[in-house]
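Each remark here refers to the structure printed beneath this line.
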Amino acid sequence: HLDGVVLAGGGSQMPLLREYLASRHGVPVEVLDPFRNVTYEPELFAEQPVEELAPLLAVGVGLALRRVE
């Protein structure tokens, strides 16, 4: 049983994939935003909107948030 789907990486930018998965499985589908609760410098994304790059950076952001113990 699926409650929802979260898309990340390059596949999240495929045209109509989000709509197809939502209609096929009858669940909400969202594109991952790893910057949702992260503070960052907006100037870093001056050439390309952060909304386009964010799903591609999910692994990098996750690794950057890890603590080394």
Side-chain angles (χ1 to χ4, degrees):
H1 174 73
L2 291 175
D3 293 326
V5 175
V6 179
L7 297 176
S12 67
Q13 296 180 340
M14 290 180 61
L16 304 177
L17 179 61
R18 183 177 176 184
E19 292 81 4
Y20 171 76
L21 291 174
S23 67
R24 174 88 163 99
H25 298 288
V27 296
V29 177
E30 67 178 277
V31 175
L32 179 68
D33 179 6
F35 294 113
R36 185 180 311 169
N37 296 317
V38 176
T39 303
Y40 61 90
E41 296 292 330
E43 300 83 40
L44 294 172
F45 303 100
E47 293 187 26
Q48 191 169 4
V50 67
E51 296 81 18
E52 292 178 13
L53 290 175
L56 303 174
L57 300 173
V59 172
V61 171
L63 290 173
L65 293 173
R66 291 177 63 180
R67 293 184 181 176
V68 178
E69 297 184 32

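For the numbers below, each heavy atom of this structure counts, side chains included, while hydrogens, waters and symmetry mates do not. What you see is a predicted model; the values in this text were computed from it and never measured.
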From CG (Leu63) to CG (Leu57), nearest 0.5 Å: 11.5 Å
Of all heavy-atom pairs between [X] and [Y], which one has the smallest distance, and what is that distance?
| X | Y | result |
| --- | --- | --- |
| Leu2 | Val27 | O-CG1, 3.2 Å |
| Pro55 | Val31 | CG-CG1, 3.3 Å |
| Ala54 | Asp33 | CB-OD1, 3.9 Å |

Give the table of side-chain donor-acceptor pairs shorter than 3.5 Å for residues 5-16, with sequence neighbours excluded, one pair per line with atom names and distance.
unit_1, atom_1, unit_2, atom_2, d
Ser12, OG, Gly9, O, 2.6
Gln13, NE2, Glu52, O, 2.5

Residues in salt bridge (charged side-chain N to carboxylate O under 4.0 Å, His left out) contact with Glu30, at least two apart in sequence or another chain: Arg36
Joint cluster assignment, Leu32 & Val59, ILVMFWY side-chain distance < 4.5 Å: no
Geometric class of the Tyr40/Phe35 ring pair [parallel <30°, tilted 30-60°, perpendicular >60°]: tilted
Neighbour count >12 (heavy atoms, 6.0 Å) for atom CD, Glu19: yes
